[in-house]
Amino acid sequence: MPAFPRRKKNGGAPRAPRFSRLRRFGRRAEDKQGQRGRGIYLLPNAFTTGALFCGFYAIVMAMNQRFEHACWAVFIAMVLDGLDGRIARLTNTQSEFGAQYDSLSDMVSFGVAPALIAYEWALSGLGRWGWIAAFVYCAGAALRLARFNTNIEVVDKRFFQGLPSPAAAALVVGFIMMMTDPDINISARKVDWVSWCIAVFAGLTMVSNVPFYSFKDVNFRKSVPFIVVFLIALGFALVAIDPPKVLWPIFVVYGLSGYAVFVWQRAKGKRVSIIPDDDEVDERR
């Protein structure tokens, strides 16, 4: 009777695991240098999606003449937009997809939504001048976001080139939210040209070269004096007392601060542009 060799329990060539080829499709792709390929991270993009939803909700509320809900939706989108980038940096989940998705969300929440809210509230009564102002703001937001994406590697991180779109949206919808407050309750027809000026000012300032402080050099991990924590708590208390009357003046001051820095630098004979020239780049290197 012929004897057949038995299978060895130990030793010998290791057997390839079953479905090994299928398992490769579940792994994250890596390039030749060992870097991770392009992927979609859930946590930061969830906040971006929330901001996008708030922008869409603001548009729907404006079309239904519920301007208070629309304005608050834009402010909530500002909070979510400020969180997604910081969370991505803290968790090391930055991606090119997230950057592009964030810009598209900002265009809806801080470009289209504020323009439509202002138009439905006051600008529609001005005829062609009304929709021109709304379009100037919307186009300014689109151009500002496109320029931000292309100049992100060359601008001074301490300043924004032009008014950031969330602050511009706060100028437009903050004024509407303050005018519709029950304590003030001023008709839109009485301040329609004021709203027109605010929309045009915000749109043109977004595409200007005026520097606005970005607060990106603030180190939140560094210890601060006790008075700083107290002032932060005091600021939250003041906002909570009457948000419509407190938030809009804060953003007005910020919207004018860039021009104050611009005039101050010009008066001292310094360069105003936040984009360094070739000589400054060579010196930094």
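Shown here for Asp81 and Pro166, the closest heavy-atom pair between the two residues is OD2-CG, 3.9 Å. In this structure, Gly82 and Arg86 approach most closely via the heavy-atom pair O-CG, 3.5 Å. Closest approach of Pro244 to Asp181, counting heavy atoms only: CG-OD1, 3.7 Å. Minimum heavy-atom separation, Ala77 to Cys54: CB-CB, 3.7 Å. Between Ala199 and Ala133, the shortest heavy-atom contact is CB-O, 4.2 Å. Counting all heavy atoms, side chain and backbone alike, Gly140 lies closest to Val207 at O-CG1, 3.6 Å.
Crowding of Phe53 atom CZ: a count of heavy atoms from other residues, nucleotides or ligands under 6.0 Å not exceeding 12. Enclosure of atom CH2 in Trp193 by more than 12 non-hydrogen atoms of other residues, nucleotides or ligands within 6.0 angstrom is indicated. Counting non-hydrogen atoms of neighbouring residues, nucleotides and ligands closer than 6.0 angstrom, the CZ atom of Arg128 reaches no more than 12 such neighbours. The environment of CD in Glu68 is sparse: at most 12 heavy-atom neighbours from other residues, nucleotides or ligands sit within 6.0 Å. A 6.0 Å sphere centred on OH of Tyr101 holds more than 12 heavy atoms belonging to other residues, nucleotides or ligands.
The closest side-chain heavy-atom distance from Ile241 to Val246 is not below 4.5 Å. Taking the side chain as every heavy atom from C-beta outward, Ile176 and Glu120 never approach each other to under 4.5 Å. Phe201 places a side-chain heavy atom less than 4.5 Å from the side chain of Leu256. Side chains of Ser95 and Thr93 form no contact here, defined as non-hydrogen atoms less than 4.5 Å apart. You'll find the side chain of Phe110 stays beyond 4.5 Å of the side chain of Pro164, heavy atoms only. Side-chain contact between Trp248 and Ile198 is present, with at least one heavy-atom pair separated by less than 4.5 Å. Within the 4.5 Å cutoff, the side chain of Tyr137 has heavy atoms near those of the Pro114 side chain.
Each of Leu123 and Ile117 belongs to its own hydrophobic cluster when Ile, Leu, Val, Met, Phe, Trp and Tyr are linked at side-chain heavy-atom distances under 4.5 angstrom. Val173 and Val253 sit in two unconnected hydrophobic clusters of ILVMFWY residues. Membership requires side-chain heavy atoms under 4.5 Å apart, directly or through other members. By the rule that hydrophobic residues join a cluster once side-chain heavy atoms approach within less than 4.5 Å of another member, Leu52 and Phe56 end up as members of separate clusters. Linking Ile, Leu, Val, Met, Phe, Trp and Tyr whenever their side-chain heavy atoms come within less than 4.5 Å puts Val239 and Phe251 in one cluster. Met78 and Leu83 are not part of a single hydrophobic cluster, where members link through side-chain heavy atoms under 4.5 Å apart.
Note: Phe148 and Phe160 have tilted aromatic rings, judged against thresholds of 30 and 60 degrees for the angle between ring planes. Aromatic ring pairs are classed by plane angle as parallel below 30°, tilted from 30° to 60° and perpendicular above 60°; the pair Phe175 and Trp121 is perpendicular. In this structure, Tyr254 and Phe212 have tilted ring planes: the angle between them lies in the 30° to 60° band.
Between Met178 atom CE and Leu247 atom CG the span is 11.0 Å, to the nearest 0.5 Å. Once rounded to the nearest 0.5 Å, the distance linking CZ of Phe236 with CG of Leu231 reads 12.5 Å. One finds the CD1 atom of Ile184 at 7.5 Å from the CG atom of Asp242 (value rounded to the nearest 0.5 Å). For the atom pair NE2 of His69 and CE of Met61, the computed distance is 7.5 Å after rounding to the nearest 0.5 Å. Note that CD1 of Ile87 is 14.0 Å distant from CG of Asn92, once rounded to the nearest 0.5 Å. Summarising the geometry, atom CD belonging to Gln100 is positioned 10.5 Å from atom CG belonging to Leu145; distances are rounded to the nearest 0.5 Å.
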**Asked** Run the side-chain contact (heavy atoms from CB on, under 4.5 Å) check on Val210 and Leu163 step by step: do they pass?
**Response** CA-CA 7 Å; Val210 177; Leu163 184 66; over 6 Å; no
**Request:** Could you walk me through whether Asp84 and Asn45 pass side-chain contact (heavy atoms from CB on, under 4.5 Å), step by step?
**Result:** CA-CA 7 Å; Asp84 60 358; Asn45 290 308; over 6 Å; no
**Request:** Carefully, step by step, assess Thr205 and Tyr259 under the rule side-chain hydrogen bond (donor to acceptor under 3.5 Å, both in side chains).
**Result:** CA-CA 9 Å; Thr205 306; Tyr259 289 96; 2.9 Å; yes
**Request:** Decide yes or no on side-chain contact (heavy atoms from CB on, under 4.5 Å) for Met179 and Ser187, but give the supporting numbers first.
**Result:** CA-CA 8 Å; Met179 292 296 102; Ser187 174; over 6 Å; no
**Request:** Please report the C-alpha distance between Ser109 and Val74 in whole Å, then the side-chain angles of each, then the deciding distance to 0.1 Å, and finally whether the side-chain contact (heavy atoms from CB on, under 4.5 Å) criterion is met.
**Result:** CA-CA 6 Å; Ser109 301; Val74 174; over 6 Å; no
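Under 3.5 Å, the side chains of Ser165 and Asp106 contain no donor-acceptor pair of N or O atoms.
A distance-only check finds no donor-acceptor pair linking the side chain of Arg158 to the backbone of Ser214 [under 3.5 Å]. For the pair Ser195 (side chain) and Val191 (backbone), a donor-acceptor distance under 3.5 Å is absent. Counting only distance, with no hydrogens or angles, the side chain of Ser124 and the backbone of Tyr119 share a donor-acceptor pair below 3.5 Å.
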